[in-house]
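Report on one structure; see the data block that follows.
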Amino acid sequence: MRITTLAGGVGGARFLRGLVRHLDDALPAEPHEPGQDPARPEITVIGNTGDDITLYGLRVCPDLDTVMYTLGGGIHEGQGWGRDGETHVVQEELAAYGVEPQWFGMGDRDIATHVARTRWLGQGLSLSEVTSRLGDRWGLPRQGVRLLPMTDDPVETHVVVEDQDAEGGQRAMHFQEWWVRHQAALPAERFVVAGMDRARPAPGVLEAIRTADLVILPPSNPVVSIGIILTVPGVRDALRGTRAPVVGVSPVIGGRPVRGHADACLAALGLPTTADAVAGLYADFLDGWLVDDADEGASDLLRRHRGLVVEHRPLMMSDVPTATVIAGAALDLGRRLQ
Ligand code: GDP
Ligand code: FO1
Ligand code: CA
């Protein structure tokens, strides 16, 4: 069985860890050669690279790294991003030299990932090749996971905000500056992805969607994670055209974004923070939609107007076991829609 997922950072990564755990639990107990067990489903993760940024000359890919560290057991659990057991000597030394920016926290262990990535990119490897190399260290292949960047071409999400002092009354800043430095408090007018006009999907991305047995959208940010992946040329068409059922898990619980600033992102599109509004963004390819019990009321509307199969259950991923149960429910819904 081939499962293809689209993923941002923390929400996507926690769901994927649950998915891997659920599939592991379903495997027979006898030992088997790694990669030899035909019963183990292959999971392809198409990761968002719109968050990527170059800082201190290093290429940083936050969402790819969050997925990689979470699956590899190296994530800072409390934060949801970055490395566990982290120290910050390098950034303190950079601060002593007055090197900016200091608003983006980069730990020493994390920096090693960015140094390795930047070095390999400089040697001519594609981002896909680099991501595969980094993922080997974290045991992704052993878990049946193939992590692909959505594109090998450098792209960056920028946020257009109002600024009376700027020409035209607007200015654009990197997504990370808006999200981390300004905590998404400056109302966003729109999101633009620099470089997307020249971007192509990374090798294997469209094929993974077209040939999947099941496509799952984890509870990732619908605008700046999944929404950005959907703007990669060909991705949306592949989702519309795939024979696989497409099942999504709502990132909104009880009208709240759970964590992060998805509400500010939806507001930029003129949308409320509801499970219904998120499903609307995927309406042209979505077959099944899991909402939280708290949003059950909205599901009637979704069923009647969009012909979606909507089911409800608790969707808070409080720990690995709960994420495992949620991933199992998404898989189960997908299997029933096949
Ligand atoms: P980011 O890149 O780190 O912001 O992570 P993602 O884009 O993958 O996911 C962020 C989204 O995950 C947030 O907008 C939340 O709405 C959603 N989210 C986070 N934790 C949970 C959870 O426990 N349950 C559900 N259903 N959604 C969650
Ligand atoms: N998020 C923050 O809120 N503050 C930070 O200083 C920060 C640093 C950081 C460093 C590496 C990394 O992989 C992720 C980091 N994040 C940080 C999360 C980052 O903003 C992600 O892009 C989130 O996925 C937001 O969508
Ligand atoms: Ca992100």
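Note: hydrogens, waters and symmetry copies are ignored here, and every other heavy atom, side chains too, is used. Counting starts at 1 for both ligands and their atoms, in listed order.
No more than 12 heavy atoms of other residues, nucleotides or ligands sit less than 6.0 Å from atom CZ of R243. Within a 6.0 Å sphere centred on CZ of R21, heavy atoms belonging to other residues, nucleotides or ligands number 12 at most. Atom CZ of R119 is surrounded by 12 or fewer heavy atoms from other residues, nucleotides or ligands within 6.0 Å. When the shell of 6.0 Å around CD of Q183 is examined, it contains more than 12 heavy atoms from other residues, nucleotides or ligands. By the neighbour-count criterion of 12 heavy atoms within 6.0 Å, atom CD of E207 is sparsely surrounded, having that number or fewer from other residues, nucleotides or ligands. The environment of CZ in R256 is sparse: at most 12 heavy-atom neighbours from other residues, nucleotides or ligands sit within 6.0 Å.
Interface atoms of ligand 1 facing G12, defined by a heavy-atom separation under 4.0 Å, are 8 (O). Set against the non-hydrogen atoms of L315, the atoms of ligand 1 under 4.0 Å away are 22 (C), 23 (O), 24 (N), 25 (C), 26 (N). Close contacts of ligand 1 with S225, meaning ligand atoms under 4.0 Å from a residue heavy atom, involve 2 (O), 6 (P), 7 (O).
Ranking protein heavy atoms by distance to atom 2 (O) of ligand 1, first place goes to G9 N, 2.9 Å. Among protein heavy atoms, the minimum distance from atom 3 (O) of ligand 1 is reached at V10 N, 2.9 Å. What sits closest to atom 13 (O) of ligand 2 on the protein, heavy atoms only, is P62 CA, 3.3 Å. Annotation: atom 8 (O) of ligand 1 to nearest protein heavy atom, S220 OG, 2.6 Å. Atom 10 (C) of ligand 1 has its closest protein heavy atom at N221 N, 3.6 Å. Here the protein heavy atom with the shortest distance to atom 18 (N) of ligand 1 is P219 O, 3.8 Å. When hydrogens are left out, the protein atom nearest atom 11 (C) of ligand 2 is D110 OD2, 3.3 Å; that is the closest non-hydrogen contact. Summary of contacts: the protein heavy atom closest to atom 4 (N) of ligand 2 is V180 CG1, 3.3 Å. Among all protein heavy atoms, the one lying closest to atom 4 (O) of ligand 1 is W179 CZ2, 4.1 Å. A262 CB, 3.3 Å is the protein heavy atom nearest to atom 14 (O) of ligand 1. Nearest to atom 23 (O) of ligand 1 among the protein's heavy atoms is M317 N, 2.7 Å. Nearest protein heavy-atom neighbour of atom 23 (C) of ligand 2: D51 OD2, 3.8 Å.
No salt bridge links R200 with D152; every basic N to acidic carboxylate O contact stays at or beyond 4.0 Å. In this structure, R181 does not pair ionically with E100, as no charged nitrogen and carboxylate oxygen lie closer than 4.0 Å.
When the heavy atoms of V278, V252, V258 are ranked by distance to atom 21 (C) of ligand 1, first place goes to V258. Remark: among candidates G82, C61, G105, the nearest residue to atom 10 (C) of ligand 2 is G105, based on non-hydrogen atoms. Comparing W81, Y69, W179 against atom 5 (C) of ligand 2, the shortest heavy-atom distance belongs to W81.
Closest approach of V90 to D108, counting heavy atoms only: N-OD1, 2.9 Å. The two residues R109 and G85 make their nearest non-hydrogen contact at NE-O, 2.9 Å. Closest approach of H261 to W179, counting heavy atoms only: N-CH2, 3.2 Å.
Checking only distances, V249 never comes within under 3.5 Å of ligand 1, N or O to N or O. Considering backbone and side-chain atoms together, D63 places an N or O closer than 3.5 Å to an N or O of ligand 2.
Residue-level check: among N/O/S atoms of D51, OD2 sits closest to the Ca ion (ligand 3).
Among the candidates L23, V45, V145, V215, the single residue satisfying the side-chain contact (heavy atoms from CB on, under 4.5 Å) test with I3 is L23.
If you look at N221 next to ligand 2, there are no close heavy atoms at all, none under 4.0 Å. At a heavy-atom distance under 4.0 Å, only backbone atoms of S250 (N, CA, C or O) approach ligand 1. Residue-level proximity to ligand 2 for V224 is absent, since no heavy atom of it falls below 4.0 angstrom. The part of Q176 lying near ligand 2 is the side chain, judged by heavy-atom distances below 4.0 Å.
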Please report the C-alpha distance between R171 and E177 in whole Å, then the side-chain angles of each, then the deciding distance to 0.1 Å, and finally whether the salt bridge (charged side-chain N to carboxylate O under 4.0 Å, His left out) criterion is met. CA-CA 12 Å; R171 74 187 163 103; E177 186 175 0; 5.0 Å; no
With side-chain hydrogen bond (donor to acceptor under 3.5 Å, both in side chains) as the test, would you mind laying out the steps for R210 and T242 before giving the verdict? CA-CA 5 Å; R210 290 189 190 124; T242 183; over 6 Å; no
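At least one donor-acceptor pair under 3.5 Å links the side chain of T70 to the backbone N or O of T66.
At least one heavy atom of P257 sits less than 4.0 Å from an atom of ligand 1. Residue I253 places a heavy atom under 4.0 Å from ligand 1. Distances from ligand 1 to the non-hydrogen atoms of D63 include at least one value under 4.0 Å.
In this structure, R236 fails the cation-pi test against F285, since its NZ or CZ atom is not both closer than 6.0 Å to the six-membered ring centre and inside 45 degrees of the ring normal.
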